[in-house]
Visitor: 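Take this structure, written in C-alpha cells, and hold onto it; I'll ask about it next.
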There are 2 protein chains.
Amino acid sequence: MYLRSLLDVAELNLPTISSDRLAGMAGVNAAKVRKDLSYLGTYGTRGVGYDVEYLLYQISRELGLTQDWPVVIVGVGNLGSALANYGGFTRRGFRVVALFDIDPRKVGTAVDGLRILALDDLEAVVAEAGVSIAVLTTPAGAAQAVADRLVSAGISSILNFAPTVVSVPEHVHLRKVDLSMELQILSFYQQREAGILSASTLGPRSA
Amino acid sequence: MYLRSLLDVAELNLPTISSDRLAGMAGVNAAKVRKDLSYLGTYGTRGVGYDVEYLLYQISRELGLTQDWPVVIVGVGNLGSALANYGGFTRRGFRVVALFDIDPRKVGTAVDGLRILALDDLEAVVAEAGVSIAVLTTPAGAAQAVADRLVSAGISSILNFAPTVVSVPEHVHLRKVDLSMELQILSFYQQREAGILSASTLGPRSA
DNA sequence: GCATGTGAATAGATTCACAGCG
DNA sequence: CGCTGTGAATCTATTCACATGC
C-alpha cells in the first residue's frame with residue numbers, strides 16, 4: 001500500500017513525505033506508518049520525513065520487486081485469460097511465462113501472445129524458466145489436484161482464485177482471492193443495515 | 001468460509017457436523033468455529049454438533065444470501081468482462097444486471113448476453129433495478145470519479161478492483177481486491193526466504 | 001519547531017480449558 | 001461420554017504519547 005502511494009508521490013516530484021501525509025494517502029494511522037516502516041530500518045529524518053525515492057527503493061527491495069518473477073497461470077477460463085492480459089502484473093516485475101489448461105481444445109491456442117500449454121509441460125517449464133509463483137484459476141473441483149502438481153513441480157508460492165480450500169505443504173506459501181466471498185461480505189453489511197432499518201421502523205420498540 | 005464448507009458437507013448428505021470437523025475443512029481452529037458461530041446464535045447441540053441444513057440456512061440468512069442482489073459492473077476491460085461471466089457470482093444470489101463503460105466503441109456491444117451501457121444510463125439503471133452493489137473494474141485513474149458517481153447514483157456497496165485508494169462517504173461500504181498486491185506479498189515471502197538461504201550459506205557466520 | 005522512532009497502553013482476535021448439557 | 005458455549009488467558013495489532021534528533 002505504501003509502495004503504491006509513494007509511486008504517486010514520486011510522480012508529483014515531491015522529494016520527501018511525512019508519515020502523516022503517507023498515512024492519509026494509504027488510508028491508515030500515522031503511528032502505524034511509522035511503526036511499519038521502522039521494521040524495515042530507520043529510513044526517516046526527524047523534522048523532515050522520509051525521502052521518497054529512497055523509501056521507494058527500500059520497500060521495493062524488501063518486497064522482492066527489484067528482481068524479475070516469472071509466473072505461470074493454470075486454468076485458462078475467463079479469469080485466467082483476464083489475468084494473463086492484466087497489466088498490473090507485468091508492470092511490477094511479474095512476467096507471465098506460460099498458461100496451462102487441461103482442455104485439449106484450448107491447448108495450442110494463444111491468449112495475448114502466450115501459447116496455452118498442456119499440463120504435461122508444467123514440470124519442464126517450471127524448471128526451465130525457474131518459476132516459483134503460480135496463479136491457480138481452475139474450477140474448484142480441479143484446484144487441489146493442480147495445486148499438488150504445482151508443488152511437486154517445484155512451485156513454492158500459489159495465488160489461488162478457485163473458490164475452495166486448498167492445502168499445501170508447510171514450506172509452500174498460499175494466498176487466496178475469493179471473489180464471491182467479497183460480494184458476500186458486502187451483502188452481509190447491506191443485509192444488516194436493512195435489518196436495523198426495518199427493526200427501527202417496527203413501532204414502539206424503536207426509540 | 002463456513003458456508004462453503006457446509007455446502008460441501010451437505011452434498012455428502014451428512015446430517016450434522018462437529019466444530020472440529022468444520023474447522024478442519026475451513027482451515028481454522030475448532031474453538032474459533034464455535035466462537036464465530038456463537039455470535040449468530042446457539043445453533044449447536046452438545047454432544048452432537050451442528051445440524052448442517054439448519055446452520056447453512058442461518059448463515060445464508062445472516063449473510064443476506066436468501067435474497068437476490070442485483071449488481072452492476074463498471075469498466076468492461078479484461079477483468080470486468082471476466083467477472084461478468086463469472087459463475088461464482090450468479091451461483092449465489094448475485095445477479096449482474098448491467099455493464100457500463102465510457103468507451104463509445106464498447107457501448108452497445110454485449111458480453112455474455114449483457115449489453116454494455118454508457119455511464120449516462122447508470123442512475124436510471126440503479127434506480128430502476130434497485131441496485132445497491134457495484135463492482136469497480138476501471139483503470140486506476142478513473143476509479144475515484146466513477147466511485148463518486150456510483151455513490152451519488154445511490155450505490156451503497158462497492159467492490160473495488162482498481163489498484164488505487166478510493167474514498168467514499170462513511171455510509172458506503174467499500175472492499176478492495178488488489179491483484180498485484182497479492183503477488184507482491186508472495187514475492188515478499190519468496191524474497192525473504194532467498195535472503196535467509198543465502199545468508200546461511202555465506203560461510204563462517206552461518207551455524 | 002517539526003516529525004521520527006519507539007516503549008507503554010490499549011484494543012482486538014485467537015486459543016485455552018473446562019463447566020454444562022444432550 | 002462427546003461436543004458445545006464461553007469466560008479467562010494469551011497472543012497480535014494498533015494507537016498513544018513523548019523523548020529524541022535534525
Side-chain angles (χ1 to χ4, degrees), chain A residues 1-3 5-6 9-10 12 14-59 62-63 165 167 170 173-176 178 181 184-185 188-189 192, chain B residues 1-3 5-6 9-10 12 14-59 62-63 165 170 173-176 178 181-182 184-185 188-189 192:
Chain A
M1 273 164 26
Y2 301 142
L3 179 70
S5 302
L6 286 168
V9 174
L12 302 171
L14 299 174
T16 63
I17 186 163
S18 68
S19 60
D20 195 47
R21 207 152 131 51
L22 185 51
M25 298 185 71
V28 299
N29 179 294
K32 182 168 203 298
V33 171
R34 295 201 297 276
K35 175 91 42 172
D36 286 346
L37 296 182
S38 78
Y39 292 117
L40 306 183
T42 70
Y43 297 142
T45 309
R46 290 165 193 240
V48 178
Y50 300 88
D51 182 276
V52 174
E53 285 300 332
Y54 187 57
L55 190 55
L56 257 179
Y57 172 72
Q58 292 299 341
I59 294 181
E62 193 75 28
L63 290 176
V165 175
S167 312
E170 187 80 13
H173 303 287
L174 177 69
R175 289 191 60 88
K176 188 183 64 170
D178 193 322
M181 197 173 291
Q184 289 175 19
I185 292 167
F188 166 69
Y189 288 118
R192 198 172 54 165
Chain B
M1 274 163 26
Y2 301 143
L3 179 70
S5 302
L6 287 168
V9 174
L12 302 171
L14 299 175
T16 64
I17 187 165
S18 67
S19 60
D20 195 48
R21 205 151 135 51
L22 186 51
M25 298 184 71
V28 299
N29 180 294
K32 183 168 202 297
V33 171
R34 294 200 297 276
K35 178 121 342 189
D36 286 345
L37 296 182
S38 78
Y39 291 117
L40 306 183
T42 70
Y43 297 143
T45 309
R46 290 164 193 239
V48 178
Y50 300 88
D51 182 276
V52 174
E53 286 299 334
Y54 187 57
L55 189 54
L56 257 178
Y57 171 72
Q58 292 299 341
I59 294 181
E62 193 75 27
L63 290 176
V165 175
E170 187 80 13
H173 303 288
L174 177 69
R175 290 192 59 88
K176 187 184 65 171
D178 193 322
M181 197 173 289
E182 295 296 329
Q184 289 175 17
I185 291 167
F188 166 70
Y189 288 118
R192 198 172 54 163

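Keep in mind that this is a model prediction, so the values were computed, not measured. Protein chains get the first letters and strands the later ones, always in sequence-line order, with residue 1 at the start of each.
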Visitor: Could you tell me how far apart A/Lys35 (NZ) and C/dA9 (P) are, to the nearest whole angstrom?
Guide: 13 Å
Visitor: A/Leu40 has an atom CG; how far is it from atom P of C/dT6, in whole Å?
Guide: 12 Å
Visitor: Can you work out whether A/Gly49 or B/Asn29 has the more 5'-proximal nearest nucleotide on DNA chain C?
Guide: A/Gly49
Visitor: How many Å lie between CG on B/Leu37 and P on D/dG5, as a whole number?
Guide: 8 Å
Visitor: Nearest 0.5 Å, what's the CG-CD distance between A/Leu40 and A/Glu62?
Guide: 5.0 Å
Visitor: For B/Tyr39 and D/dT6, what is the distance between atoms OH and P respectively, to the nearest whole Å?
Guide: 10 Å
Visitor: A quick test of your reading: do over 12 heavy atoms of other residues, nucleotides or ligands sit less than 6.0 Å from OH of B/Tyr189?
Guide: no
Visitor: Nearest of D/dT4, C/dT14, C/dT6 to any side-chain atom of B/Ser19?
Guide: D/dT4
Visitor: Rounded to whole angstrom units, what separation is found between the CG atom of B/Asp20 and the C1' atom of C/dC16?
Guide: 14 Å
Visitor: Just checking A/Tyr43: base, sugar-phosphate only, or nothing, at a heavy-atom cut-off of under 4.0 Å?
Guide: sugar-phosphate
Visitor: Could you tell me the separation between the CG atom of B/Leu22 and the P atom of D/dC3, rounded to a whole number of Å?
Guide: 14 Å
Visitor: Nearest heavy atom decides the nucleotide; on that basis, is A/Asp36 or A/Thr45 closer to the 5' end of DNA chain D?
Guide: A/Asp36
Visitor: Of the nucleotides D/dG5, D/dC3, C/dT4, which has the atom closest to the A/Ser18 side chain?
Guide: C/dT4
Visitor: Let's test your reading of the model: under 3.5 Å, does the base of D/dG2 pair with the side chain of B/Arg46 as donor and acceptor?
Guide: no
Visitor: Between the main-chain N or O of A/Ser38 and the side-chain N or O of A/Thr42, is there a donor-acceptor pair closer than 3.5 Å?
Guide: no
Visitor: Between A/Tyr43 and A/Asp51, is there a side-chain donor-acceptor contact under 3.5 Å, judged purely by atom types and distance?
Guide: no
Visitor: Heavy atoms from C-beta onward define the side chain here; which of C/dT14, D/dC3, D/dC18 lies closest to that of B/Lys32?
Guide: C/dT14
Visitor: When you check the phosphate oxygens OP1 and OP2 of D/dG5, does a side-chain N or O of B/Tyr50 lie under 4.0 Å from one of them?
Guide: yes
Visitor: Give a yes or no on whether the backbone of A/Arg21 and the side-chain of A/Ser18 come within a donor-acceptor separation of less than 3.5 Å.
Guide: yes
Visitor: Using the closest heavy atom to pick a nucleotide of DNA chain D for each, name whichever of A/Val28 or B/Gly41 lands nearer the 5' end.
Guide: B/Gly41
